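Notes follow once the structure below has been shown.
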Amino acid sequence: MPELPEVENLRRGLNSRIKGQIVKKVSVFAPKLVSGKGNVRHASGAKTRLFIRAFKGEKIQDIERRAKNLIFHFQSGKILLVHLKMSGQFVYQERHKNVVEGGHPIQLSEIKLPNKHTRVIFELNKGVLYYNDTRMFGYLLYYPTIGTLIRENHFHKLGLEPFDPHFTLKYLAEELKKKTGKIKTVLMGQGIVTGLGNIYCDEVCFAANIRPTRRANSLKPNEIKKLHLAIQHILKRAIEMGGSSIATYRLADGSRGNYAREHRVYGKDGKPCVICGEDLKKIIVNNRSTVYCASCQV
DNA sequence: GTACTTGTTGAACG
DNA sequence: TCGTTCAACAAGTA
C-alpha cells in the first residue's frame, strides 16, 4: 500500500523523469477512475472524453504532493489530481531504459506493460507513463485550474503536513482536546495531521505508549508530547526507508521497500512485544485491524 | 468458498 | 448543525 513516504518518493521520481515532457496521447481503460472521487462513482463517457482531450499536447511543469495526493501542474495551468488509494501505481518506462515505479509494489515478473491492471496510459515524448490499479479505488481527475481543484475538493478538511513548521506540540494538543473519538480513529481521519494510515497509526501509538482506543481528549500532556515526537520520528524514518527502496528502484535489482522491517506492532499480533515480551493483541478499531501491547500501551 | 485486507468518504446516527 | 461511527468500494491472498 502506498504510504505517504512512497507517495513522496514517487513524486520525486516522477519529477526527475517526466518533468518538462509533453503528453502526446492519453488512453483510458477504466472510465470510472477519471469520473469523480468517492465510493460511489459511475463511468461517464463525457468525462472520459474530456479527460483524454484535456492533457493532449500539454507540458508537465511540476508534480506536487498534498497528503497522499499527487498534483500534476501543467504549463497551461491545467491540473491532474491523482490519489493511488490502496493499489494504485505509476510505472514509467523510457525506451530501452530503466523502469521507475512507485506506489503499490510490483513483482519483477509483473513488469509487462501494459498489463491487465493498467487503467490509464500517458504517452509522453520520451517514454510512457502507466497507471496501474488492481482494486481501482484510486482516481485521476482533471481540473482546468488549481483554483477549481481547491474549490471542488476537500483539501480544506486536511490537517497539516507532518513536517509543516506549524505542526507543533501546542497545535496537536489543542486539536486533540476537541476530539472525543478514539486516538487511532482521529489520527487516521487526516483532519489534524496527514499521512498516518493504518500501519503508521499503530506504530505511532506503540511508540508513544498510548492504547489506540484511548479517547483523544483524554491524553495527558506528556503523552501528547510523546505522540508528537513519534509522528515526526516515524514518518521521517519511513520517508528515508522509502527513499532507499523506491527512488532507487531499478528493473535490474528489483529491490523492495525496507520500511516493513521496522514495524514493531503492525502485522505482528500474537508475537512478543519487542519491549516487554508480552504477546501483542489484535482488535478492531475504526473498522481496521489494530495491534497493540496491552502491557506497554495504557 | 470464506474471511480478511487497504484509504477515504458519503450516509447514517445521535 | 455537527461530531462520530460505519459500511462501501474491488480484487487479491491466506
Side-chain angles (χ1 to χ4, degrees), chain A residues 1-8 10 29-44 65-71 81-90 102-107 109-110 115-120 131-141 149 152-159 161-162 174-204 212-218 235 238 242 256-257 259-260 263 265-270 282-291:
Chain A
M1 270 53 63
E3 298 284 337
L4 183 141
E6 289 180 278
V7 178
E8 174 59 21
L10 171 58
F29 306 101
K32 67 171 247 178
L33 298 195
V34 303
S35 289
K37 60 190 287 191
N39 62 359
V40 183
R41 277 185 282 138
H42 303 285
S44 151
R65 180 186 62 76
R66 176 72 176 105
K68 297 168 194 166
N69 296 276
L70 285 170
I71 306 169
L81 172 69
V82 180
H83 199 300
L84 306 173
K85 288 291 180 84
M86 312 209 267
S87 57
Q89 161 193 88
F90 272 115
H104 196 64
I106 49 175
Q107 306 285 353
S109 60
E110 289 172 7
N115 58 46
K116 65 176 176 176
H117 300 308
T118 299
R119 311 302 182 184
V120 181
Y131 178 77
N132 302 329
D133 193 338
T134 53
R135 280 172 251 185
M136 298 202 288
F137 282 8
Y139 51 77
L140 300 89
L141 302 176
L149 183 157
E152 294 181 15
N153 270 280
H154 299 165
F155 280 29
H156 61 279
K157 288 184 183 170
L158 289 174
E161 293 288 323
E174 284 174 358
E175 293 298 316
L176 290 181
K177 204 160 58 182
K178 301 176 195 167
K179 302 285 186 182
T180 60
K182 299 182 174 91
I183 183 64
K184 172 163 177 174
T185 305
V186 169
L187 291 177
M188 281 187 74
Q190 312 296 310
I192 295 178
V193 57
T194 66
L196 294 170
N198 197 40
I199 296 169
Y200 287 116
C201 276
D202 280 11
E203 296 297 326
V204 160
T213 48
R214 282 278 296 285
R215 297 286 154 178
N217 61 4
S218 77
L235 282 179
R256 298 284 291 276
Y259 68 83
H263 291 168
V265 287
Y266 179 79
K268 299 193 184 296
D269 56 301
K282 179 173 169 177
I283 55 174
I284 299 294
V285 179
N286 201 26
N287 265 342
R288 291 291 175 260
S289 65
T290 300
V291 184

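Every chain is numbered from 1 and lettered A, B, ... according to where its sequence line falls, protein lines coming before strand lines. Keep in mind that what you see is a predicted model, and the values were worked out from it rather than measured.
Rounded to an integer number of Å, the gap from CG of A/Asn286 to P of B/dT8 is 12 Å. In this structure, A/Lys32 places its NZ atom 13 Å from C1' of B/dT8, rounding to the nearest Å. Following rounding to the nearest Å, A/Ile284 (CD1) and B/dA3 (C1') show an atom-to-atom distance of 11 Å. Taking atom CG of A/Leu33 as the reference point, atom P of C/dC9 lies 15 Å away to the nearest angstrom. Taking atom CG on A/Leu187 and atom P on C/dT5, their separation rounds to 14 Å, with Å as the unit. Computed from coordinates, the A/Asn69 CG to B/dT8 P distance equals 8 Å when rounded to whole Å. Rounded to whole angstrom, the span from the NZ atom of A/Lys184 across to the P atom of B/dT8 amounts to 14 Å. The CG-P distance, from A/Leu4 to B/dG7, rounds to 12 Å in whole Å.
Distances from the side chain of A/Tyr139 to the nucleotides B/dT9, B/dT5, B/dG7 place B/dT9 closest. Nearest to the side-chain atoms of A/Met188 among the listed nucleotides B/dG7, C/dA7, C/dA11 stands B/dG7. When distances are taken from the side chain of A/Lys68 to each of B/dT5, B/dT8, C/dT4, the shortest belongs to B/dT8. When each of C/dA11, C/dT4, B/dT5 is scored by its nearest atom to the side-chain atoms of A/Thr180, the top-ranked nucleotide is C/dT4. The side chain of A/Ser289 lies closest to B/dT6, out of B/dG7, B/dT6, C/dA10.
For B/dT6, the OP1/OP2 oxygens have a side-chain nitrogen or oxygen of A/Tyr266 closer than 4.0 Å. Residue A/His83 places at least one side-chain N or O closer than 4.0 Å to OP1 or OP2 of B/dT8. The side chain of A/Asn287 contributes an N or O atom lying less than 4.0 Å from OP1 or OP2 of C/dA7. Listed pair A/Gln190 / B/dG7 fails the phosphate criterion, with no side-chain N or O lying under 4.0 Å from OP1 or OP2. The phosphate of C/dA11 has neither OP1 nor OP2 within less than 4.0 Å of any side-chain N or O from A/Thr134.
Using a 4.0 Å heavy-atom cutoff across all strands shown, A/Thr185 reaches no nucleic acid atom at all. Within the 4.0 angstrom heavy-atom criterion, only backbone atoms of the sugar-phosphate kind lie near A/Lys282; the bases stay farther away. Among the atoms of the strands shown, only primed sugar atoms or phosphate atoms (P, OP1, OP2) are found under 4.0 Å from some heavy atom of A/Asn198.
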Quiz prompt | A/Glu161 vs A/Arg66, side chain to side chain contact (heavy atoms under 4.5 Å, CB included): CA-CA, chis, key distance, verdict | solution = CA-CA 8 Å; A/Glu161 293 288 323; A/Arg66 176 72 176 105; 2.8 Å; yes
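Per the stacking criterion (ring centres < 5.5 Å, plane angle < 30°), A/Phe137 stacks onto the base of C/dC9.
Each of A/Lys179 and A/His117 was assigned the nucleotide of DNA chain C with the nearest heavy atom; the assignment lying further toward the 5' end belongs to A/Lys179. Two residues, A/Lys157 and A/Gly197, neighbour DNA chain B, and the one matched to the more 5' nucleotide by heavy-atom proximity is A/Gly197. Heavy-atom nearest nucleotides on DNA chain C were determined for A/Arg119 and for A/Gly181, and the one closer to the 5' end corresponds to A/Gly181.
For A/Lys184 and A/Thr290, the side-chain atoms include at least one donor-acceptor pair closer than 3.5 Å. Side-chain contact, A/Asn217 with A/Thr180: no donor N or O sits under 3.5 Å from an acceptor N or O. At a cut-off of 3.5 Å, with distance as the only test, no side-chain donor of A/Asp202 or A/Tyr200 sits close to an acceptor on the other residue.
Put simply, the side chain of A/Asn198 reaches to within 4.5 Å of the side chain of A/Tyr266, judged on heavy atoms.
The line from CD1 of A/Ile283 to CG of A/Asp269 is 11.5 Å long, rounded to the nearest 0.5 Å.
Put simply, the side chain of A/Arg288 and the base of B/dT6 share no donor and acceptor less than 3.5 Å apart.
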